[in-house]
Each structure stands twice: as C-alpha cells, then as structure tokens.
Amino acid sequence: MSNVVTRFAPSPTGHLHIGGARTAIFNWLLARHFGGRFVLRIEDTDTERSKQEYTDSILASMKWLGLDWDGDLIYQSERFDIYNSYIDRLLESGHAYWCECPPDEVEKMREEARAKGLKPRYNGRCRSRDLGPGDGRVVRLKAPAEGRIVFDDLVKGTVAFDVAELDDMVLRRSDGAPTYNLAVVVDDATMGVTHVLRGDDHLSNTPKQILLYQALGFDLPRFGHVPMILGPDRKKLSKRHGAKAVIEYEQYGLLPQALVNYLVRLGWSHGDQEIFALEELVEKFGTENLNSSAAGFDPDKLEWLNGHYLRETSPEELARLVLPFVAAEGFDVDASRLAQLVPLFRERANNLVELARVMRFMLVPAAEVEYDAAAVAKALTEEGRRHVAGVREALAALGTFDREGCEKAIHDYVEGNGLKFKQVAPAVRVAVVGAMGGPGLPDMMALLGRDDVLARLDRAVAL
RNA sequence: UGGGAGGUCGUCUAACGGUAGGACGGCGGACUCUGGAUCCGCUGGUGGAGGUUCGAGUCCUCCCCUCCCAGCCA
C-alpha cells in the first residue's frame with residue numbers, strides 16, 4: 001500500500017460539472033496509479049446552499065464515471081466540533097483573534113482600499129484589541145505582518161506570494177460555523193492527504209492555507225493547480241458553449257469512458273496518444289504532463305470520441321446500454337433483439353439517444369413505418385414502385401431469407417431487367433425503412449425477416 | 001485597482017535551445033444502393049516588438065490579450 005492519498009471535495013451546491021469531474025478523475029487516477037487511497041469528502045459548510053439532492057446527484061455521477069472512493073463518505077457538516085477545536089488552539093497560541101467588525105463595516109474598509117487603488121480587504125482593526133468571545137463576533141487568522149510564501153506547485157512550478165497581500169481571513173463565522181479554508185486544511189491534514197489536485201481558482205487560497213498548516217504544525221501536502229476549462233472562445237465556460245452537467249451527459253447517451261477519456265486529454269497528455277482505456281490511464285497517468293494553460297471545451301471532439309467508444313463496445317453490452325433509451329422512445333424490445341441490431345446501426349450514431357432513434361424503423365410493425373416525404377417523392381415514383389413490386393416477387397420466391405439471399409434476389413431482378421443496382425435500390429430502401437439513409441439494404445432485410453419485408457414492400461407499392 | 005496564473009493550426013495537444021508534428025473540426029477523393037462508418041489527401045499555427053545565441057515556440061525585456069483570487073461562498 002502506497003502512502004499517496006488524494007481526495008475530491010465537491011460542494012453540494014449544484015450538479016457535478018465537467019470541471020469538477022476532471023479534477024475528480026485526475027485525483028482518482030493519481031491515487032490508483034500509485035496504489036494509494038482516494039477520499040471523497042462533501043464540503044457542505046455552507047449550510048444554506050448545500051442540498052441533499054445535489055449530494056445525491058454528485059454521488060450518482062461519480063459512480064457513473066466509475067470513480068470509486070475508499071472508506072466512508074465524509075461530510076464536513078458533521079465535523080464542526082473538530083474544526084472548532086483547532087480554531088481554539090489557534091486562539092490559544094496567538095495565531096487567531098476575535099473580531100467584532102460586522103460585514104457591512106468590513107465592506108466599507110474594502111471600499112476605502114479600492115478608492116486608494118489598493119487591494120480591497122479587512123484592515124485589521126480588531127487585531128490588537130484582545131477581544132474575547134461574544135455575540136456577533138468572528139475569529140480571524142492573525143496573519144504574519146511580512147514575509148513570502150513560496151511553494152513548488154505540481155502543475156505551475158514555483159509560485160510565490162507576498163504575505164502583505166493577505167488579510168486576516170475569517171476562520172469561524174459569527175454563527176459558530178468554520179469557514180472553507182480552515183476546514184479544508186484540518187481535513188486534508190487529519191486525513192493524511194498527500195496530494196491536492198484542484199482547480200487553479202484556488203491558487204490564491206493556497207498561501208492562506210499554508211499559513212494555517214504552519215500555525216497548526218501540520219505537514220504540507222503537494223499542491224497541484226490545474227487550469228479552469230474555458231469555452232472554445234477562451235471565455236469562462238457556460239451553457240452557451242454546450243457544456244453540461246455530468247448527469248446531463250449521461251442522459252444524452254454518452255458513455256462514461258468517452259467522457260473520462262476526453263476530460264483527461266483536456267490538460268494532460270501522453271505523447272500524441274488520444275484513445276486510452278481506463279486501465280491504461282491508471283498505468284500511465286502522472287502529474288508530469290499536466291498542462292498549466294487553460295483549455296477550451298470542444299463538444300465536437302467529445303462527440304467523436306463517444307462515437308469511437310460506441311463502435312468499440314460489444315453488441316451485447318451496447319444493447320444493454322441502449323435499452324432504456326429505446327424504451328424511452330416507446331418501444332418494448334428485448335436486449336437480445338437489440339444485440340442483433342446495434343452492430344449495424346452504431347455506425348450511424350454518436351450517442352445512445354441517436355442510436356435509439358436511428359433504429360426506430362426496425363422496431364415498428366410494417367403498417368406503422370413512417371415515410372420521409374422527400375424520400376418518397378424522390379424514390380417511390382411510378383417507376384420506383386414497379387421496381388419494388390418486382391423485387392418483392394423475387395424475395396417471396398427465396399428459399400432461405402438471409403442477407404446473401406436478399407442481395408441475390410435484388411441482383412437477379414436488376415440483371416433480369418437490364419438495370420443497375422443504383423436504379424432499383426433507392427426505391428426498395430425507402431419502401432423497407434421509409435427513408436434514404438441507413439445500413440446496407442440486404443442486412444436490414446435479413447434482420448426484419450421475410451413477412452415483415454414483404455408487408456413493407458406491399459404497403460409501398462400501394463402508396 | 002492590487003495580487004496570482006497563462007498565451008503553438010478554429011479546438012485539444014506534441015516538439016533535448018537544433019526538421020513545428022498528431023488528434024478533432026473544415027474541404028476534397030475512394031468505397032459499384034444510401035452513408036453520420038472506414039481509408040486516403042488537402043487546409044491550417046508559435047499574440048506583437050526588441051534582445052541573447054551559429055541557431056529561439058523554447059532564454060531575457062517591454063507591450064497586448066485571456067483566466068483566477070481579493071464573501072462571515074466554496
């Protein structure tokens with residue numbers, strides 16, 4: 001057992017989005033690569049915004065992605081006593097103090113600083129007043145007056161901050177609840193977390209947290225700050241860029257391995273390789289090739305990758321996966337039937353919703369086939385219907401109704417009438433499936449069976 | 001405004017200071033029914049200006065642009 005411990009610490013204030021998912025994947029891979037532990041911790045210290053429905057959604061998405069965690073799920077809201085005991089220690093050792101300045105007064109200090117072109121922050125008014133506990137009071141860190149904090153970031157290299165830039169952040173709110181920076185330090189230290197991979201929106205929090213590590217006498221973990229995911233236009237990612245929550249990708253018919261592969265490749269590389277199985281990622285992943293510049297989300301590449309995985313999945317597995325999507329279209333089909341269909345149809349879809357859709361004409365009875373008007377106008381002319389009738393007779397006479405037989409029957413009609421396949425096939429195709437597109441005609445016929453095909457051809461002739 | 005992080009084809013990502021390549025996308029071709037599959041080809045880039053060097057995407061300086069932080073949110 002390695003001593004590497006990583007964690008993913010989402011706040012249940014929304015569904016898991018791709019930025020968070022990528023962070024989770026990176027941490028999971030690092031732990032698994034080194035045979036270490038991966039901890040899942042729900043950071044619900046903001047009791048107003050945290051919701052159980054989001055916790056449930058996040059857990060479901062983690063499971064869908066295949067990111068299993070070690071040990072019990074941890075909720076910060078259950079550990080307030082622990083955090084507060086550490087805050088008390090900081091008070092005793094002189095690293096923290098009580099402050100009675102209310103939020104609106106602190107905001108005035110910020111405005112004054114802004115007016116002077118300085119950083120907007122708390123000005124330290126209660127710092128030397130030696131106040132004790134009291135209603136409405138908070139506890140603040142007594143940050144050092146001077147110095148530099150330098151650390152070696154796994155992604156960004158050496159990063160330095162001047163302590164003078166930090167203010168005396170709140171550690172305990174006036175309602176007694178601990179704040180994020182205190183809780184995260186206490187948790188990571190007491191859980192033995194060795195590596196903290198997170199978004200670089202927390203880069204500026206790192207010097208504050210290092211001050212806490214030092215004041216509490218904890219060993220520092222290795223920090224790695226991965227860039228935010230942007231839109232393709234390099235602006236902050238939003239829905240207008242096509243970004244969705246993980247649960248929405250699941251509903252959209254994405255395969256988890258495609259999303260994992262795509263997100264890993266968005267900020268990490270292993271030479272020119274694009275496709276990675278999960279086991280391969282576990283084997284090859286490391287922090288060395290994590291990219292320090294922000295990447296833009298590309299829905300087209302994600303779509304292409306998902307199509308690749310659709311084609312790589314076994315027919316039986318794919319049938320099982322697409323079954324709920326077929327059911328959502330209103331069809332009652334068993335998985336063994338779908339396992340026959342999906343090898344043909346997966347070439348024409350890039351996600352499970354599409355796969356269910358492109359197969360639909362194979363799932364309805366002959367009498368309910370919907371005809372595409374443009375296709376009918378183009379192919380089922382009088383001449384076209386004559387061809388359909390002729391092919392119908394050849395098919396009816398077949399001894400064995402299989403793919404080869406169907407192909408031969410069409411060819412026999414074609415050659416017997418001095419025609420070309422392409423003069424006959426479009427009409428037959430529209431007659432059988434109602435549209436111009438789709439897999440090979442003989443293949444589909446064989447899967448529909450003689451009676452169904454003849455009924456479809458008869459119906460088209462009668463149009 | 002102050003602090004921090006970044007900038008290679010449209011997007012992702014390679015390139016010991018030594019030939020800027022791969023993938024997706026786009027365009028074209030092949031595939032003797034259709035084609036969202038498959039195969040082949042083309043297109044397309046180092047933000048700008050200086051400097052160091054035999055040689056710079058790579059090192060240095062300035063300018064420009066983007067992102068993040070500056071809640072008693074996380």
Heavy-atom donor-acceptor pair, Arg265(A) side-chain to rC12(B) base, under 3.5 Å: no
Quiz item: Thr179(A) side-chain donor-acceptor pair to rC72(B) base, under 3.5 Å: no
rC72(B) pairs with, by Watson-Crick or G-U criteria that keep both distances under 3.5 Å: none
Nucleotide forming a Watson-Crick or wobble pair with rU52(B), both distances under 3.5 Å: none
Donor-acceptor contact below 3.5 Å, side chain Arg348(A) vs main chain Gly438(A): yes
For rG28(B), the Watson-Crick or wobble partner whose two distances fall under 3.5 Å: rC40(B)
Distance below 4.0 Å between Arg311(A) side-chain N/O and rG36(B) OP1 or OP2: no
Distance-only donor-acceptor test (3.5 Å): side chain Glu165(A), base rG4(B): no
Leu230(A) CG to rC12(B) C1', straight-line distance once rounded to whole Å: 13 Å
Asp272(A) (side chain) and rG21(B) (base): donor-acceptor pair under 3.5 Å: yes
Closest to the Met228(A) side chain, choosing from rA74(B), rC69(B), rC67(B): rC67(B)
From rG36(B), rU34(B), rG2(B), nucleotide with atom closest to Lys119(A) side chain: rG2(B)
Between rC33(B) (C1') and Asn417(A) (CG): distance, integer Å: 17 Å
